[in-house]
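Below you'll find the structure, written out as structure tokens, and then a few comments.
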Amino acid sequence: MLKIKPLVCAMYLVLPTASFAEQPVNGQDFINLFEKLSGKQPGIRKGHAKGVCAVGTFTPNQAAKQYSISPLFNAPSKANIRFSMGGGNPNADETSRSPRGMGVQFVLENGDVHNIAGLTTPVFAGNSPEAFFGLLSTLVPDEKTGQIDFAKVKAYREQNPSTLGQFNWLQSHNPPASYVSSRYFGVHTFYMVDEKGAKHAFRWTMVPEEPEQVLTEEQMKTFPKSFLANRLEEDLAKGKVHYRFQAELAEPGDALTDPSVRWPADRKTINLGKLTIESTGESGCDLTNYDPNLLSKGFMPSDDKVLKLRSTAYAISFAKRLTGQ
């Protein structure tokens, strides 16, 4: 079985080459590629394989009702949370410069669910499924040498500049010191729908109420490869952790279907409510599919092709996990 060092894979988590970009890809293509990169890993998520569960409560901000008729804003809801490392390696190096993930499933008062899934980077690693697939394809080691051809990776990036935003962010920001010491970005555009049927384009962010903390250069060299689960337990033993769930509203001209582009920092931001993380969840989230297109009434996904493809890829991964594949 060929494996890639987690650091290498995470540092280059972005999109495809010109030749790859000409070929449409689907969810199954990504699952097959993830298995080439990290092995088949039976019964484990194909993406964000390494993670830990938590549970909490979401308390909505009633003012958000002017933007959406969602029952998410009617009453507090239970939150099933999963924090994770990017990539398909269940033994990923947690000191690496790679995205961390947060998936939240809100269980609403009426029994409906509302999912979100975000990253610790404000942009995605490419402007299309084909771009992302192409980049990941350059990271598959050579069958004979077992090595990655980094000249090929570099050439691909030069031909596909949409793959550079996330990479540059990761190189200029040290990794989070804890799963709950970083903000998480929804990356994709969604719409809130108000009582008049008007749509409000937005991107969400989870902002911790406590100051964000990152690993120092020394800690990145000396910390064990797995420490985040223990750190989460330590953080929650000190008390509950609070996040502000925020929506950044789009203005004319903002990229609504390109997750590799960040909107300007002066966009109007509204408070949707508070997410309180109360305790670790043991294995309570293992059977949860955090498909970000599963939304409550009053929300809609955009036409972002990367966002749309995630439903298929998540469903295939979920089915494989349930059947031990």
With distance as the sole test, does Asn115 use its side chain to make a donor-acceptor pair with the main-chain N or O of Asn289 at under 3.5 Å? yes
Can you establish whether the number of heavy atoms outside Glu195 located under 6.0 Å from its atom CD is more than 12? no
Surrounding CD of Gln66 (heavy atoms of other residues, nucleotides or ligands, distance under 6.0 Å), is the total greater than 12? yes
Should the pair Lys46 and Phe34 be classed as cation-pi, given the thresholds of under 6.0 Å to the six-membered ring centre and 45° from the axis? no
Does Glu251 CD have over 12 foreign heavy atoms under 6.0 Å away? yes
Step through it carefully: locate the ring centre of Phe124, locate the ring centre of Phe132, and say whether they are under 6.0 Å apart. yes
Tell me the closest heavy-atom pair linking Val207 and Gln246, and the distance in Å. CG2-OE1, 3.6 Å
Go through it in stages, so that I can follow the logic: the residues are His114 and Phe299, the test is ring pair (Phe, Tyr, Trp, His ring centres under 6.0 Å), and I'd like the CA-CA distance, side-chain angles, deciding distance and then a yes or no. CA-CA 9 Å; His114 181 105; Phe299 283 90; 4.6 Å; yes
Can any side-chain N or O of Asp149 pair as donor or acceptor with the backbone N or O of Lys152 at less than 3.5 Å? yes
Determine, for Tyr179 and Arg100, whether the Lys NZ or Arg CZ falls below 6.0 Å from the six-membered ring centre while staying within 45 degrees of the axis. no
Does the side chain to side chain donor-acceptor pair (under 3.5 Å) test come out yes or no for Thr216 and Glu218, once each step is laid out? CA-CA 5 Å; Thr216 65; Glu218 180 63 22; over 6 Å; no
Indicate the ring-plane relationship of Tyr184 and Tyr243, choosing parallel, tilted or perpendicular according to the 30° and 60° boundaries. tilted
Could you tell me whether Lys320 and Glu35 have a side-chain N and a carboxylate O separated by less than 4.0 Å? yes
Residues Glu234 and Arg231 bridged, charged N to O under 4.0 Å: yes
One should read off an interatomic distance between Arg203 CZ and Phe190 CZ, to the nearest 0.5 angstrom, of 10.0 Å
Are Arg183 and Glu210 within salt-bridge range, i.e. N to O under 4.0 Å? no
Tell me if a side-chain donor or acceptor on Gln213 pairs with a main-chain N or O of Ala177 at a distance below 3.5 Å. no
Does NZ belonging to Lys65 count more than 12 external heavy atoms closer than 6.0 Å? yes
Lys/Arg N to Asp/Glu carboxylate O, Lys308 vs Asp303, below 4.0 Å: yes
Treating Asp194 as the side-chain partner and Ala198 as the backbone partner, does any N or O pair qualify as donor plus acceptor under 3.5 Å? yes
So does Gln28 have more than 12 non-hydrogen atoms from other groups sitting under 6.0 Å from CD? yes
Sidechain N-carboxylate O distance under 4.0 Å for Asp254, Arg267: yes
Phe73 ring center within less than 6.0 Å of Tyr67 ring center: no
Is Glu158 salt-bridged to Lys154, going by a charged N under 4.0 Å from an acidic O? yes
